[in-house]
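What follows is a set of notes on a single structure, which appears directly below.
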There are 4 protein chains.
Amino acid sequence: MDLPLSAGKKSVTVKRILKAAASVFSESGFSGARVDEIAKRAGVNKAMIYYHIGDKEKLYAEVISNVIGNTAEMIEGKIKDIRDPEEKLRVYVRTFARNIDDNPQVAPVMMREVASGGKHLPEVVARDIFRIVNMLRGILKEGVEKGIFIETVPFLIHIMVLGAMITYKTSAPIRARYNWLPPGIRRLDDRISGNIADEIENIILKAVKK
Amino acid sequence: MDLPLSAGKKSVTVKRILKAAASVFSESGFSGARVDEIAKRAGVNKAMIYYHIGDKEKLYAEVISNVIGNTAEMIEGKIKDIRDPEEKLRVYVRTFARNIDDNPQVAPVMMREVASGGKHLPEVVARDIFRIVNMLRGILKEGVEKGIFIETVPFLIHIMVLGAMITYKTSAPIRARYNWLPPGIRRLDDRISGNIADEIENIILKAVKK
Amino acid sequence: MDLPLSAGKKSVTVKRILKAAASVFSESGFSGARVDEIAKRAGVNKAMIYYHIGDKEKLYAEVISNVIGNTAEMIEGKIKDIRDPEEKLRVYVRTFARNIDDNPQVAPVMMREVASGGKHLPEVVARDIFRIVNMLRGILKEGVEKGIFIETVPFLIHIMVLGAMITYKTSAPIRARYNWLPPGIRRLDDRISGNIADEIENIILKAVKK
Amino acid sequence: MDLPLSAGKKSVTVKRILKAAASVFSESGFSGARVDEIAKRAGVNKAMIYYHIGDKEKLYAEVISNVIGNTAEMIEGKIKDIRDPEEKLRVYVRTFARNIDDNPQVAPVMMREVASGGKHLPEVVARDIFRIVNMLRGILKEGVEKGIFIETVPFLIHIMVLGAMITYKTSAPIRARYNWLPPGIRRLDDRISGNIADEIENIILKAVKK
DNA sequence: AATGAATGAGGTTTCATTCAT
DNA sequence: AATGAATGAAACCTCATTCAT
């Protein structure tokens, strides 16, 4: 499945800059990122970043949009043909997991963005996220109406899924570092899709189902 | 109940520095934080930071230890006199929530620390966190043995609780910003203790109970 | 004859930085030198020093290499075509003197470097100095074999020539300062080449000859 | 033989400060020396330095006077009862050597002082040094009159002795560092008194004698 | 006399941004 | 579109000196 990062008719230079920027920002955050490092990884001259994109803030905004925008549409696509609310909820969780796995920058970037109070979050992206929560509300509501789900707070369910996933994902390097950790924690894969997503799916569904 | 931030026989100056540092680091992260700003908020000459504590890295490590260390002991204290695993689990969740509410730096600092792959996480603190997960494992295991819980992955349960709470907490300012958000999301209090913690408690227990 | 300071294909900016650095370091030593002052004298933005060369230590090492490296080769060139050991020794002394006169930074930089136990002396430069002593040993040995010199300790001879010259040279400003000094001391030129070098030459040769 | 460093009725604290200062200044020079380090080595509180002595410049001046002042008198004492100019000259050299050996700070401090153009040299000390040169002139003149010495430039002779000795002495740690140096250079003791002083003595006398 | 804490000026280094080519 | 060099502001850190006790 293709990922939205660097889509469209961007020049190859711009694409490389954005890709490099995404990786540097995701590793170091906005203030920790160095424009020099981004240019180096992109294999382009630093001045090109300013020429093609703009200053650091502009660049960051661009990255954010690429990395955590456009998720809603993707999930919507996956869900629209499904009837059963339970199955919809399962796909919702799974798609989320897939997205986080396939775009390794999503989790750290989002975490930092949240931690900083969304200081750099473009409103477009906020709206996109809201659309996702809304979608979930629709699923849950439908389930309640059909008598298979109990009443819950959709936003909380969303936060639990999202929070668990990004925390799980980003904690992988930390867990890998300490060899005194038991295998049950340390060896857990850093992929969410698969076992972890399944487990989350089950927990959420058990919590939500009548 | 007293909170661990700046306990012990530290001089008043050191306490003020650590407090100021905690707030600045939690707002801006390591690279975003300005030593000048920390000194200013502490009402202290900048050189005093170096005199009493050391450089920025050392200061950050100190803050981390103060902010997210010593949580294990606190939770253990709350739980040790309880018999019933279900009640233990509930108290576990509630205590966690209380801690996050009372120490507003915990959530953002921890998120960023996780997002950066624990680059600055002192091992002591990592061990402390592990102790917490271990405690949870004990609770869940006891519940399984007593026939009231189903088998689950303790670390995942921990991550769901933790992830949900810190994400919920830190997302408050973002949610507050957009007035096009429905009250159900926007007006949700930024406190976790109370409704939110209750809801999380219920979800987790429903997911875990036979 | 061209002097080694700032030779090669260095950019004009780098050359200016190194020249300014040499003069400031030779006046004030490593700790006393101010990067600001070096930038100012070089007519260059301070950041350029870091861009082109590196930090203060690196800059100092570069200066040391330029200032007191490459002396051996120069002396070797002057001596290789001479047969007579006595004449060789005379040229050795004279060339040394010329070098110290023409590169006013040599003497103070070397003195301070020695005084500090060679804390910043790059090994390359140490080897270069050793080569010089070795050359002198060759000359003295040849003289002994030809029956015109007595046995001496080459390193000591070297130290006497070198020590006398750099001490003489650097003491000039001090001598000039006190007008109660007799002309025989005070007015002595600060140039070594000429009278002073002749005198040293004669003393050394008288001491060494059978 | 007692050395002049910290003589008189100075309090024990002052003595310790001056001793510590001498060692730090001799290792690091004026700008490189840290008042903190001096206080630490003296085992006294930093403020005491200002209370008892004054600022860094004052402290340095004090050290200089103690370290390289009072040499003239000592040499005069050693020489005054000797008749023979040749023997006088030998004792002159030997006493110098002893002084440098016994006061390890003399050589580096003097070198740096010379290298910096005597920026911090108190005039008293300059006069003391002049007295030494004058003494040497007397010896040489006497020798010439008695028909045993040839005409030489006294200051140059002085510089050769002094320069050789302090350069030899301070170069010891550098020579010790490089194990590729031949034993003839590397293993040479760092003491001057004895072999080295003898050799210098002989060279100078051979150069000076008719 | 002595101490630990405090101060402010200034030093080194970094970094986003722009310029000239 | 692209580059290497340049800039200035600001960040971090140090250090001589002084203060309060």
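Predicted, not measured: the structure shown is a model, and the values here were computed from it. In what follows, every chain begins at residue 1, and chains take the letters A, B, ... in the order their sequences are listed.
- In this structure, D:Lys119 is not positioned above the aromatic face of D:Phe30 in the sense of NZ or CZ being under 6.0 Å from the six-membered ring centre and within 45° of the axis.
- Comparing atom distances between the D:His52 side chain and each of F:dT3, F:dA5, E:dA1 picks out E:dA1 as nearest.
- Using modelled atom types, no side-chain atom of B:Asp128 and backbone atom of B:Val124 make a donor-acceptor pair closer than 3.5 Å.
- The interatomic distance linking D:Phe30 (CZ) with F:dC15 (P) rounds to 13 Å, in whole Å.
- Take the nearest nucleotide of DNA chain E for A:Asp55 and for D:Asn45: the residue whose nucleotide is more 5' is D:Asn45.
- D:Ala33 comes within 4.0 angstrom of the backbone, heavy atoms only, and of no base.
- As judged by a 4.0 angstrom heavy-atom cut-off over every strand, B:Thr13 is placed among residues touching the sugar-phosphate backbone only.
- Ranking F:dA5, E:dG4, E:dT12 by closeness to the C:Tyr51 side chain, first place goes to F:dA5.
- Note: CD1 (B:Ile38) to C1' (F:dA10) measures 16 Å, nearest angstrom.
- Along DNA chain E, the nucleotide nearest D:Val44 and the nucleotide nearest A:Lys46 are compared for position; the residue whose nucleotide lies closer to the 5' end is D:Val44.
- Remark: A:Tyr50 is not in phosphate contact with E:dT18, judged by side-chain N or O atoms under 4.0 Å from OP1 or OP2.
- Counting only distance, with no hydrogens or angles, the side chain of D:Arg41 and the backbone of D:Ala20 share no donor-acceptor pair below 3.5 Å.
- Between D:Ile17 atom CD1 and E:dA1 atom C1' the separation is 11 Å, expressed in whole Å.
- Here the side chain of C:Met48 is nearest to one of F:dC12, F:dT7, F:dA16, namely F:dT7.
- As rounded to whole Å, 16 Å separates atom C1' of E:dC15 from atom CD1 of C:Ile49.
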Start with the C-alpha distance between D:Val67 and D:Asn103, add both sets of side-chain angles, then the distance that settles side chain to side chain contact (heavy atoms under 4.5 Å, CB included), and finish with yes or no.
-> CA-CA 7 Å; D:Val67 163; D:Asn103 288 53; 5.6 Å; no

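- Distances shown here put every side-chain N or O of B:Arg34 at or beyond 4.0 Å from the OP1 or OP2 atom of F:dA10.
- Taking a pair to require two hydrogen-bonding distances under 3.5 Å in either a Watson-Crick or a G-U wobble arrangement, E:dT7 pairs with F:dA16.
- In this entry the distance linking CG of A:Asp36 with P of F:dA5 reads 13 Å, nearest Å.
- For the pair C:Glu37/C:Ser28, no side-chain contact is recorded, criterion being any heavy-atom separation below 4.5 Å from C-beta on.
- Between the NZ atom of C:Lys40 and the P atom of E:dT12 there is a distance of 14 Å, given to the nearest Å.
- Nucleotide E:dT18 holds its P atom 14 Å from the NZ atom of A:Lys56, rounded to whole Å.
- Pairing for E:dA1 is absent, with no Watson-Crick or G-U wobble pair whose two atom distances lie under 3.5 Å.
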